[in-house]
A.B. asks: 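First, the structure itself, so that you have it in front of you.
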Amino acid sequence: MPENDHLSITAKHIAALTNQLQELPHDTTAARILADYLKNEFPNTVSRRDFLTTLNVLVRPKVTQDEALEHGFLQADEPGEFIIQGDIITTDSAYTLGVRREGGVKYAIANSSCDLSGDAGRVDKGSGVLFAVQPVFSINPAAVSIIGQLVGMKNNSRMFLPAFQDDDPNVSCNYIDFAAPATASFQNILNATRHASLTALGWQIFASLHRRWFTREPEFERKMRG
Amino acid sequence: MNQMVSSTNFNPELFLKAGINFSSFDKLKNAGQQVLEPVQKGVFAQLDTKLGQYVILHHSDFQKLYGLAQDVHRLSSGLTLILNAVRSVQVHQGDESSMMTLISAAQMIGKIPVLPTQVGHGIAQPEGLDIEDDGSLDLTIPSHRPL
């Protein structure tokens with residue numbers, strides 16, 4: 001095939017695929033809908049905070065083995081140990097740039113639940129990504145500003161979470177820090193202490209904000225890439 | 001000398017004290033869950049059954065020990081590297097590259113006498129310059145903790 005024909009066919013495919021994908025790969029509409037909803041329905045920081053802190057809004061008691069069996073996530077002959085995406089866990093076996101994080105840090109699990117389920121080969125060999133759950137202490141002079149930003153879902157890299165009962169008494173709330181990833185083997189993630197699961201809404205918000213953090217694009221980027 | 005080394009290396013954070021001992025599963029069952037209340041950080045309970053002896057740990061102690069075990073595993077890989085380098089020097093006596101491998105391995109491990117750990121991930125700061133304070137939030141009132 002002459003080189004010019006080859007180039008023209010390639011260009012046609014690039015144009016067709018670019019046209020079909022449009023905004024989809026980098027779309028951040030879900031996160032914007034969420035921020036707008038909170039702004040319109042809840043007049044101020046404290047009402048947003050109270051809504052998001054209520055049980056079964058963002059977090060729920062950890063999904064049980066019976067629930068996982070009932071909905072087909074676990075099979076009856078599989079071991080009972082399981083964990084799902086977004087679960088809030090504690091582990092001293094996670095690493096960031098070779099440094100082991102100790103002291104009972106909480107994390108949210110970034111990997112999809114499928115990565116963490118029954119397939120023993122994957123669980124034994126793989127490693128997963130965890131996002132640190134950072135506490136906001138009421139004695140932090142910037143706490144009011146931090147919480148105001150969090151409950152408005154305005155931060156690109158953070159998602160609000162309530163304080164947990166085993167947190168330090170001075171913890172006012174927490175947030176998932178997408179900018180503070182750690183890694184751990186799947187087996188170590190399975191051995192972590194589970195504290196809570198995300199509700200369906202919490203899981204959707206987690207996905208929306210997580211996606212915005214990793215895929216948002218500056219206006220010029222697509223043009224820059226040609 | 002050994003005593004001095006062991007006392008210097010004693011880490012009270014890792015010290016576990018034996019607490020209550022249940023001589024059968026029924027004794028634990030009949031006593032109810034409140035009997036496990038003293039099993040807090042640093043204290044473990046023991047359970048003897050016909051199947052075997054078990055240790056009941058608070059989950060935070062389990063995470064601490066388990067996390068440390070991961071580091072010991074990492075360290076053992078480094079020691080294996082040094083042992084292999086030593087064997088290589090033994091087999092190829094006078095071989096300069098074997099000797100250099102041993103020296104490099106020893107230097108590499110020597111630089112990390114303690115494996116790096118850090119508590120937590122740092123202190124929260126506001127993101128960006130937008131100050132979000134509409135005056136509605138009073139942090140002297142503890143917020144509800146749903147879980």
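Here is how names work: the chains are called A, B, and so on, in the same order as the sequence lines, proteins then strands, and each is numbered from 1. Just so you know, these numbers come straight off a predicted model, no measurement behind them.
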A.B. asks: For a quick test of reading the model, state the closest non-hydrogen atom pair linking K64(B) to D92(A) and the distance between them.
C.D. replies: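 Result for this residue pair: CA-OD2, 3.6 Å.
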A.B. asks: Between V151(A) and L137(B), does a side chain to side chain contact (heavy atoms under 4.5 Å, CB included) hold up when you go through it step by step?
C.D. replies: CA-CA 11 Å; V151(A) 298; L137(B) 191 60; over 6 Å; no
A.B. asks: Atom CD of residue position E221(A) - does it have more than 12 heavy atoms of other residues, nucleotides or ligands inside 6.0 Å?
C.D. replies: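 Atom CD in E221(A) is crowded, with more than 12 foreign heavy atoms closer than 6.0 Å.
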A.B. asks: Taking side chain to side chain contact (heavy atoms under 4.5 Å, CB included) as the criterion, tell me which of N188(A), T193(A), V105(A) meets it with Q63(B).
C.D. replies: T193(A)
A.B. asks: Quick check for you: among S60(B), P142(B), G67(B), which has the greatest number of heavy-atom pairs under 4.5 Å with chain A?
C.D. replies: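 Among S60(B), P142(B), G67(B), the one with the most close pairs to chain A is G67(B).
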A.B. asks: With P146(B) as reference, evaluate N56(A), V59(A), L58(A), T54(A) under the side chain to side chain contact (heavy atoms under 4.5 Å, CB included) test and give the passing residue.
C.D. replies: V59(A)
A.B. asks: How long is the straight-line distance from CG of D166(A) back to NE2 of H59(B), given to the nearest 0.5 Å?
C.D. replies: 12.0 Å
A.B. asks: Does Y37(A) have more than 12 heavy atoms from other residues, nucleotides or ligands lying within 6.0 Å of its OH?
C.D. replies: no
A.B. asks: Between L147(B) and A196(A), which heavy-atom pair has the shortest distance, and what is it?
C.D. replies: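 Distance-wise, the nearest heavy atoms are CD1-CB, 3.5 Å.
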A.B. asks: Is it the side chain or the backbone of Y175(A) that comes within 4.5 Å of chain B heavy atoms, both, or neither?
C.D. replies: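 Side chain only.
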A.B. asks: Would you say the side chain of D167(A) lies within less than 4.5 Å of the side chain of R145(B), judging by non-hydrogen atoms?
C.D. replies: yes
A.B. asks: Work out which heavy atom in N191(A) is nearest to a heavy atom in F62(B); give both atom names and the distance.
C.D. replies: O-CE2, 3.4 Å
A.B. asks: Look at the side chain of S143(B) and the backbone N and O of S172(A), then say whether any donor-acceptor pair between them is shorter than 3.5 Å.
C.D. replies: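 Looks like yes, one N/O pair under 3.5 Å.
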A.B. asks: Give a yes or no on whether F214(A) atom CZ has more than 12 heavy-atom contacts from other residues, nucleotides or ligands under 6.0 Å away.
C.D. replies: yes
A.B. asks: With distance as the sole test, does S136(B) use its side chain to make a donor-acceptor pair with the main-chain N or O of V46(A) at under 3.5 Å?
C.D. replies: yes
A.B. asks: Looking only at non-hydrogen atoms, find the nearest pair between N140(A) and A124(B) and report the distance.
C.D. replies: ND2-O, 3.0 Å
A.B. asks: Checking D177(A) against chain B: side chain, backbone, both or neither under 4.5 Å from a heavy atom?
C.D. replies: neither
A.B. asks: Side chain, backbone, both or neither: which part of T96(A) has a non-hydrogen atom closer than 4.5 Å to chain B?
C.D. replies: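 Contact with chain B is through the side chain of T96(A) alone.
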A.B. asks: Go through the steps to decide whether Y95(A) and D71(B) satisfy the test side chain to side chain contact (heavy atoms under 4.5 Å, CB included), and finish with yes or no.
C.D. replies: CA-CA 10 Å; Y95(A) 294 82; D71(B) 266 354; 3.0 Å; yes
A.B. asks: Given side chains that start at C-beta, do those of E102(A) and L68(B) come closer than 4.5 Å, heavy atoms only?
C.D. replies: no
A.B. asks: For T45(A) versus D134(B), what's the shortest heavy-atom pair and its separation?
C.D. replies: N-OD2, 2.8 Å
A.B. asks: Checking P141(A) against chain B: side chain, backbone, both or neither under 4.5 Å from a heavy atom?
C.D. replies: neither
A.B. asks: Answer with side chain, backbone, both or neither: which region of V57(A) has an atom nearer than 4.5 Å to a non-hydrogen atom of chain B?
C.D. replies: neither
A.B. asks: Is there a side-chain contact between H144(B) and P162(A), using heavy atoms and a 4.5 Å cut-off?
C.D. replies: no
